[in-house]
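Just so it is clear: chains get the letters A, B, ... in the order the sequence lines come, proteins before strands, and each one is counted from 1. It should be emphasised that the depicted structure is a prediction, and the values quoted were computed from it without experimental measurement.
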Amino acid sequence: MKLNDVVLQNVLRKGVVEIIVEEEFVNLLQEGQPLRLKMGFDPSRPDIHLGHVIGLRKLRQLQELGHKVVLIVGDWTAQIGDPSGESATRPMLTHEQVMANAQSYLDQFFRVVDKDRTETVLQSEWFGKFTLATVLDLTRRFTLAQFLERDDFARRYKANRPIAITEFLYPLLQAYDSVAIKSDVEFGGTDQKFNLLVGRQLQSMMGQKPQQCFIMPLLVGTDGVQKMSKSLDNYIGVDEPPQEMFGKLMSVSDTLMLDYFDYLTDVTAEEVEEMRRALDADSANPMDLKKKLAADITRQFYPQQDVLEARAHFERTVQRRQLPEDIPQVGFKISPSTVSISPDDADVGTRQINSSEQRDRVSIADLIWASGLAKSKGEAKRLLAQSAVEVDQVRHCEPWIQLRDGVVIRVGRRRFARLANLDQSP
RNA sequence: GGAGGGGUGGGUGAGUGGUUUAAACCACCAGACUGUAAAUCUGGCGCUCGAAAGGGCUUCGCAGGUUCGAAUCCUGCCCCCUCCA
């Protein structure tokens with residue numbers, strides 16, 4: 001099966017940093033034999049964000065050309081922790097936890113990747129049978145100098161940061177995965193390059209055909225600086241509701257937007273270049289392009305209707321600063337000297353606040369806190385002082401508010417609550 | 001086993017007895033501006049009482065101590081790093 005040039009260029013260029021060895025990889029593709037595409041994940045962090053989606057889209061693309069994904073549940077490596085992270089030792093996960101995390105990962109994974117062309121395996125299928133002898137055999141094959149070559153290790157070593165011995169095991173185990181499943185191609189971000197290469201090396205040491213390494217760019221997160229990651233809270237999760245996803249995409253910086261187009265949509269490289277020129281020449285409105293981006297990516301996870309609604313929501317609340325369609329309700333109940341506030345949000349729970357001489361008059365800061373619109377009363381007061389509070393679309397600066405059924409309180413741009421009198425049975 | 005260095009707020013990191021709730025930067029929040037939850041500018045960013053002015057409490061690995069006063073000095077403990085062996 002000879003691939004046409006457009007398809008091939010798409011596979012080789014979009015959202016790719018490097019392919020080792022590209023020529024071999026192209027030959028494999030042209031031969032048309034189904035390839036085993038290796039992808040591993042760490043079940044201690046089961047959330048998939050757009051940074052991962054770059055790779056998943058690539059897998060999907062190759063699946064459509066007839067190849068097969070082998071997904072490895074890293075139930076052993078999860079206990080070590082990838083050396084790029086800071087915490088060296090991690091708590092052991094029980095089998096149940098691993099399986100629960102794996103399930104939630106799979107649910108997200110198959111939003112992009114074709115389930116029917118995927119085989120899922122647990123690392124423990126092979127590592128469960130390992131003995132110390134096998135481990136020693138593995139460790140003997142590489143040297144300290146080789147491992148200190150790895151950028152992460154080198155940097156940490158220079159900076160006098162700890163490196164646990166077990167962390168050296170991480171690349172080894174990941175490499176052995178490639179042997180165990182006889183992978184033809186392994187996928188990873190640029191931070192994975194070392195691990196992918198160790199896999200390639202180990203395979204050939206053990207008499208297998210070495211895998212190709214497919215290295216993808218790291219996506220910069222919504223802060224515009226650091227790579228997207230959950231711990232930095234600059235991520236867009238595939239699990240997020242459409243409104244949230246659309247909104248977060250709109251907060252991607254104008255300059256970064258083009259990378260997102262390149263890595264996460266089917267827009268061609270030429271089209272991306274055109275956009276770049278148009279933006280430079282001021283002939284395109286960045287916001288329009290970004291809406292297109294937000295819609296395109298959200299559409300990959302939700303039906304068109306949801307995307308339209310998310311867009312409408314954005315235009316309403318952010319652009320026109322109008323109230324959203326659905327406002328979470330916050331119930332109140334007046335009793336002598338105190339008022340109990342019960343937001344719909346169960347995490348907040350019912351809270352008591354004091355009322356003034358007039359029993360339906362309360363401190364708005366207290367109300368904002370009790371409604372869950374601010375983390376503390378201090379924060380609520382700060383927000384009030386910063387004129388971030390609106391009551392029924394009018395900026396509210398006074399410290400007091402009259403409780404009434406149906407009043408809408410807005411804090412900042414995105415936090416809303418509609419009061420409801422619980423004594424007035426409908 | 002020996003010698004030395006170090007543990008500071010969500011992160012990086014300054015601060016070695018007193019206007020220190022702790023510089024600066026990042027992240028975050030708000031306001032202004034804007035065709036964007038972009039960029040830029042301004043402000044904010046422990047908890048609590050108070051309408052406010054202002055007050056109380058809590059915070060620099062942990063526990064004690066010295067002192068009118070400690071992130072800063074002393075003692076013990078825990079943890080990390082480097083070098084030697």
What are the atom names and distances for every N/O pair under 3.5 Å that joins the protein to nucleotides 79-82 of chain B?
| unit_1 | atom_1 | unit_2 | atom_2 | d |
| --- | --- | --- | --- | --- |
| B:rC81 | O2' | A:N160 | ND2 | 3.3 |

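- Aromatic rings of A:Y176 and A:F130 (six-membered ring for Trp) have centroids within the 6.0 Å cut-off, being under it.
- By the 4.0 Å N-to-carboxylate-O rule, A:R200 lies too far from A:E186 to be salt-bridged with it.
- Nucleic acid contact for A:R321: sugar-phosphate only, since backbone atoms but no base atoms lie under 4.0 Å from a heavy atom of the residue.
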Protein-to-nucleotide contact annotation, 5' to 3' order, nucleotides 41-46 of chain B [B base; S sugar-phosphate only; - none; under 4.0 Å, heavy atom]: --BSS-
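- Salt bridge annotation for A:E271-A:K14: absent, with no cationic side-chain nitrogen under 4.0 angstrom from a carboxylate oxygen.
- Note on ring orientation: taking the six-membered ring where Trp is involved, the planes of A:F41 and A:Y105 are parallel (angle under 30°, cut-offs 30° and 60°).
- The side chain of A:R415 contributes an N or O atom lying less than 4.0 Å from OP1 or OP2 of B:rA30.
- In terms of heavy-atom proximity, A:S355 sits nearest to A:V339 at CB-CG2, 3.9 Å.
- For residues 320-338 of chain A, the salt bridge (charged side-chain N to carboxylate O under 4.0 Å, His left out) pairs, not counting sequence neighbours, are A:R316-A:E325.
- The aromatic rings of A:Y235 and A:H49 lie tilted to each other, with the angle between the two planes from 30° to 60°.
- Nearer the 5' end of RNA chain B, as judged by each residue's closest nucleotide, is the contact made by A:S251, out of A:S251 and A:E379.
- Nearest-nucleotide mapping onto RNA chain B: of A:T222 and A:Q243, the residue sitting toward the 5' end is A:T222.
- The residues A:R299 and A:D296 are annotated as not salt-bridged, no charged nitrogen and carboxylate oxygen being separated by less than 4.0 angstrom.
- Aromatic ring centroids of A:F147 and A:F194 lie under 6.0 Å apart.
- Pairing for B:rG43 is with B:rC29, a Watson-Crick or G-U wobble pair whose two hydrogen-bonding atom distances lie under 3.5 Å.
- At a non-hydrogen distance threshold of 4.0 Å, A:N285, A:P286, A:M287, A:D288, A:K290 from residues 267-294 of chain A come into contact with RNA chain B.
- Judged by distance alone with a 3.5 Å cut-off, a donor-acceptor contact links the side chain of A:R414 to the base of B:rA37.
- Contacts of A:Y302 classified as ring-ring contact (aromatic ring centres under 6.0 Å, His included), with partners at least two apart in sequence or in another chain: none.
- Across B:rA38, B:rA51, B:rA37, the shortest atom-to-atom separation from the side chain of A:D254 is found for B:rA38.
- By the side-chain hydrogen bond (donor to acceptor under 3.5 Å, both in side chains) test, A:R60 pairs with A:E64, sequence neighbours left out.
- With C1' as the reference atom, B:rG9 and B:rA23 are 13 Å apart, rounded to whole Å.
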